[in-house]
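Working notes, beginning with the structure itself.
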Amino acid sequence: MKLNEYRDEVIQKLTKVDTRQEEMIYRIGRIEKHLEKLNGHVADHEKALTVVKTWGTVGLVILPLM
């Protein structure tokens with residue numbers, strides 16, 4: 001194998017690796033955005049659940065006293 005052929009082969013492989021890295025970075029970015037969205041939904045649901053539990057506890061304590 002000649003040196004020029006070897007260099008061309010290495011350059012081709014490095015180009016493929018670089019392209020794959022860019023694709024992986026793009027996909028990871030999309031996944032992170034989706035996870036942020038899901039985490040926002042989870043936070044909203046946790047707040048709603050806390051409100052429901054609070055009102056339920058207040059109702060269980062105050063209603064029997066009346």
Side-chain angles (χ1 to χ4, degrees):
M1 180 182 287
K2 293 182 182 179
L3 183 60
N4 288 337
E5 291 175 358
Y6 177 73
R7 284 182 184 159
D8 291 340
E9 185 179 325
V10 169
I11 288 173
Q12 288 176 350
K13 287 184 180 184
L14 289 175
T15 303
K16 286 180 183 178
V17 168
D18 186 48
T19 304
R20 288 180 184 161
Q21 280 182 330
E22 290 174 3
E23 179 66 24
M24 288 168 49
I25 290 170
Y26 173 73
R27 288 184 183 197
I28 289 171
R30 289 186 63 204
I31 290 169
E32 287 177 347
K33 286 180 185 178
H34 184 67
L35 287 175
E36 287 175 6
K37 180 180 174 184
L38 290 177
N39 285 338
H41 288 297
V42 170
D44 292 342
H45 291 205
E46 286 179 351
K47 288 177 188 175
L49 188 58
T50 302
V51 168
V52 169
K53 286 182 179 180
T54 302
W55 282 110
T57 303
V58 168
L60 287 174
V61 171
I62 292 181
L63 287 178
L65 295 177
M66 293 183 160

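Heavy-atom basis, side chains included; hydrogens, waters and symmetry copies ignored.
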Can you give the donor-acceptor pairs under 3.5 Å from side chains of residues 32-50 to other protein atoms, not counting sequence neighbours?
unit_1: N39; atom_1: ND2; unit_2: L35; atom_2: O; d: 3.3
unit_1: T50; atom_1: OG1; unit_2: E46; atom_2: O; d: 2.9

- R30: partners by side-chain contact (heavy atoms from CB on, under 4.5 Å), with sequence neighbours left out: Y26
Pairs under 3.5 angstrom only: tabulate donor-acceptor contacts from the side chains of residues 2-21 to other protein residues two or more places apart or in another chain.
unit_1: T15; atom_1: OG1; unit_2: I11; atom_2: O; d: 2.7
unit_1: T19; atom_1: OG1; unit_2: T15; atom_2: O; d: 2.9

- Correct closest heavy-atom pair for G59 and P64 would be O-CD, 3.8 Å
